[in-house]
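Down below is the structure, laid out as structure tokens.
Both backbone and side-chain heavy atoms feed into the values below; hydrogens, waters and symmetry mates do not. Here the structure is a predicted model, which means the values were calculated and not measured.
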Amino acid sequence: MNRTLTHRVFLGLVQSPLLVILIVMVVLVEMATGSQMSWGNLRGVLLDVAVIGIVAVPVGMLLIAGYIDLSVGSTLAIGGVCAALAVKHTESVWLGLGAALLVGALVGAINGLLVAVIGLSSLITTLGVLTAGRGVAQLMSPLPVSGFTPEFAFFGAGAVLGVPVPAVIAGVLFLFAGVFLIMTPRGRHVYALGVNREAAYLSGISTRLIPFALYMVSGACAGLAGALTAARLNSAPAGQLGAGFELAVLTAVLIGGIALTGGEGTMFGVLVGVLFMGLLTNSLTLLGVATFWQNVVSGLALVSAIIISLGTQRLRGKLLTLEAKRVATP
Amino acid sequence: MSVAVKNLTKRYGATVALDNVTLEIKSGEVHALLGHNGAGKSTVIGCLGGRTSPNEGVITIDGQDFTELSPQESIRQGIAVIYQHLSLIDSLTVTENLFLGLEKSRAGFVERSRQREIAWECLSRVGATARPGDRVGDLAMGQRQLVEIAKALRRDTNLLILDEPTAALSPTEAERLAILVDQLREEGIAILYVTHLLNEVMQLADRVTVLRSGSAVWSERTADITKADVVSAISGDHTAANIRPAPCDATVDALFELRGFSTEGLESLDLSLQPGEIVCLYGLIGSGRTRLLETVFGRRRYRGEVLVEGKSHLIRNPNDALKAGIALVPSDRIKQGLFGRLTAAENTVTRVMSTLARFAVRDWRQERRIVEDTTNSMSLRPNVPDLAASRYSGGNQQKILIGRWINSASEVKVLLLDDPTQGVDVGARSEIYEVIRTLAATRRISVLFSTNEPEEALALAHRVIFMREGKIDESLTTDELVEETLLERVHSDSLAHSSSAEPATARFPHTESLRKQ
């Protein structure tokens, strides 16, 4: 293909208009406040968005495959409480993290069994698990568990080479998922499933195993996010841990250009979406905007993102048609 | 009241779908429209129904000229189209469907009892046995169609267009419909009857127009002609004999075999294909040809044996079939085959991606090579592998799907194609034929395809297997066949259980008696 570099860059930018907006926003806020780009501030932002990012990875992949997972908020609570109890009783950080991963994967397996194997609606099923999961978390520990070892606190707010530990974990997950989706056959099958499930089945793609596995990963990641949150707060309140978290994740993923209809989006887009939501909130705080107004702006950002992506999709379609014509006419 | 089209021309890019077509449908007349798939029948319906805008020509309705119709204008002028795929909503009742968008209301509330009364009248007018409170989804096909016609008649219809109305009906239901068509003619409604079936034409129509490659080549009064006249008008002068496939070697062992293959609706079929052989399953919709292909591909439980290269395989799902070397290109490309949003390249390597991968990582260079080989050899147009598959034309989408199964990395030995040129324009058809013929000859694979197009059967197949009611009726090599024989046969097929020697009225005995009354 004889595409020039500028052409490629242009196509790339058209595909991720959010990145352009993100850069413009950061430059403007930096000019107005002079404090956003400081490492201290950025580290705070990274710490805030890391748990969202950890769960946005599998939730994004599920959406690409044409499934949804709303249960992650409660899975996070269950994972957090399990980790807290394990750490409290055994004083072992690894047992705590392991328990969170395992219990989270179990919740994911339940979702996967009901949705991917039996074939129930993913929206209704995970909504049910969201409600039930919250109850389970509260049953496990009606009162907040608190007072952990400093080793456990390190996973919540500590840093490796200056980067917060949860952000490092999120980064590794993004890298793995990105490689998986682009470089492996199974990863491409995730897209095929989301675009046309029947055609995927008729092409011999396993239409049960892939979503089942993704649900398990989603649960495990949510459980891990719960452990990290509990470690950071130094407390695991079953009622509040991760309340509304599923919607924050969904917002970031959708802003990042993943289509609710499936088959579309990239891990890079999700990463930009997660960072955008974090930096938007941070910018508004730095600019001294009141909390209520911050919610209004975040909501508008989601709707605007959809409008912009619709516009760029059309533009991209036109560009591709032009290119097709250029190739067709010798 | 009459509806006429004059010099109607419709072009899609370089393809001419309609070329200067003129025809008139008078009130109280049944006008039959015949022709091969792709001859332009649907385009005529589209122009009258307001779905398609012609490039040239006029549509005259009751002396008023239109250069094009919108769907709303078409309805306002009293034109109603009953498409093959009915437009009723399954989850609503008959009454709700009849009044959809035109609810009778008082003070903002639907007048249910008044609607039910009118619904009874509408249903009895078309002779439907369905009740107003029945859910449409629970009705048999024939009753649904009557409801759809009743819905059309509620809006003062002057021209009723029926698009292959009996394609999905049982013989009894078809009789019921014939009586209705007769009755509506008596009421002075103009009827455009689009069909494949000659017996229906001879039985019901007052006038016949035949389309071939977009032109109205022939138009006669039914009283003045015989079936043979119509058959030769449809097939035209050219014979398919000169483009028949190269013969295949009959002495080698069978590559693909079915033994005692049965499932619901299919009875104990035996079938055997040689390497390089192309076999056609020829029959009407509902004859079991699609069911046979889908069942072999693992979409349904079956009894009997499936053998590839003499080895028996148990096929429980499409993945099993593919592992056995059997692949299917489904007739509904968009729904069952294509990943529309993904690129042509990705659609091509969907299956072989896994076999090429090393340590679970894709081998991009090999994939690219296969994509380029495949798209070049099939002359995909436009040859832009990164373009989304949904942006290609029907014929090129078909090439992509064939390329998914047959490429240098695939292990497919038996290729099944269900109606391979459905929705493919005439120009691209011969290309698809060429692709299939070349693949069969060079890669020595067996090809089994289904069609109801005599032209296609003769152009592509070495052998034609006639299917009727889930059974193999007869198997003939194409050398023994001419297009007329095939057409005759498909029409005799429609005569439920009678032979072609019987008179054309055999299918509609009730109509005869009704007319005498």
Side-chain angles (χ1 to χ4, degrees), chain A residues 1-3 7-8 11 15 64-66 176 178-210 257-259 261-266 313-314 316-330, chain B residues 13 294 297-299 317-324 326-330 332-347 349-364 367-368 372 380-392 396 401 404-405:
Chain A
M1 296 276 90
N2 49 358
R3 282 186 189 162
H7 187 83
R8 266 169 188 275
L11 259 185
Q15 275 174 46
I64 293 174
F176 266 107
V179 167
F180 168 73
L181 283 181
I182 297 171
M183 306 233 310
T184 71
R186 281 253 191 263
R188 299 320 291 173
H189 291 169
V190 170
Y191 283 88
L193 262 177
V195 172
N196 191 339
R197 202 179 302 173
E198 187 169 6
Y201 175 68
L202 291 175
S203 301
I205 293 170
S206 67
T207 48
R208 286 182 181 161
L209 186 68
I210 291 175
I258 302 244
T261 44
E264 212 167 279
T266 60
Q313 247 173 40
R314 289 190 183 152
R316 187 163 164 256
K318 276 186 189 147
L319 286 175
L320 280 169
T321 315
L322 279 179
E323 172 154 351
K325 279 190 185 145
R326 191 175 58 84
V327 175
T329 50
Chain B
E294 285 184 350
F297 194 57
R299 299 219 70 180
N317 53 46
N319 201 26
D320 284 348
L322 288 164
K323 279 184 193 152
I326 303 169
L328 170 72
V329 178
D332 191 340
R333 238 183 330 273
I334 309 286
K335 243 184 87 203
Q336 305 188 312
L338 218 59
F339 302 110
R341 265 194 234 160
L342 303 186
T343 62
E346 192 130 10
N347 269 281
V349 293
T350 311
R351 180 73 188 169
V352 295
M353 207 153 44
S354 311
T355 42
L356 292 178
R358 277 177 307 192
F359 308 110
V361 176
R362 291 166 66 195
D363 186 338
W364 266 312
E367 283 181 16
R368 206 68 200 176
E372 277 170 16
L380 187 73
R381 270 191 314 271
N383 198 342
V384 185
D386 289 331
L387 196 63
S390 59
R391 304 183 75 85
Y392 283 89
N396 283 294
L401 287 184
R404 178 186 297 168
W405 300 136

Problem set entry | Region of Arg351(B) in contact with chain A, defined by heavy-atom distances below 4.5 Å | side chain

Exercise. Under 3.5 Å, side chain of Arg188(A) to main-chain N/O of Thr350(B), donor-acceptor pair present?
Worked result: no

For this session: Search all heavy atoms of Ala199(A) against all heavy atoms of Gly337(B) and return the closest pair with its distance.
Result: CB-O, 3.4 Å

Exercise. So, Asn196(A) side chain and Phe339(B) main chain: donor-acceptor pair closer than 3.5 Å or not?
Worked result: no

Problem set entry | Spatial distance of atom CG (Asn317(B)) from atom CG (Leu202(A)) [nearest 0.5 Å] | 10.5 Å

Exercise. Which atoms form the tightest heavy-atom contact between Pro185(A) and Ala357(B), and what is the distance?
Worked result: CG-CB, 3.7 Å

Problem set entry | Top contributor to chain A interface from Arg299(B), Lys335(B), Gln336(B) [non-hydrogen pairs under 4.5 Å] | Gln336(B)

Problem set entry | Phe359(B) portion near chain A, given a 4.5 angstrom heavy-atom threshold | neither

Exercise. So which of Ala192(A), Gly194(A), Gly263(A), Gly187(A) has the biggest tally of heavy-atom pairs under 4.5 Å with chain B?
Worked result: Ala192(A)

Problem set entry | Least distance between heavy atoms, Arg341(B) atom then Val195(A) atom | N-CG1, 3.8 Å

Exercise. Which pair of non-hydrogen atoms, one from Ser203(A) and one from Arg404(B), has the smallest distance, and what is that distance?
Worked result: OG-NH1, 3.0 Å

Problem set entry | Which atoms of Glu367(B) approach chain A - backbone, side chain, both or neither, heavy atom under 4.5 Å | neither

Problem set entry | Heavy-atom contact with chain A under 4.5 Å, split by part of Leu338(B) | backbone

Seminar exercise, completed: Okay, Ile334(B) and chain A: the region with an atom under 4.5 Å from a heavy atom over there is backbone

Problem set entry | Separation of Arg186(A) CZ from Met353(B) CE (nearest 0.5 Å) | 10.5 Å

Exercise. Do you know which two heavy atoms are closest between Ser354(B) and His189(A), and how far apart they sit?
Worked result: OG-CE1, 3.6 Å

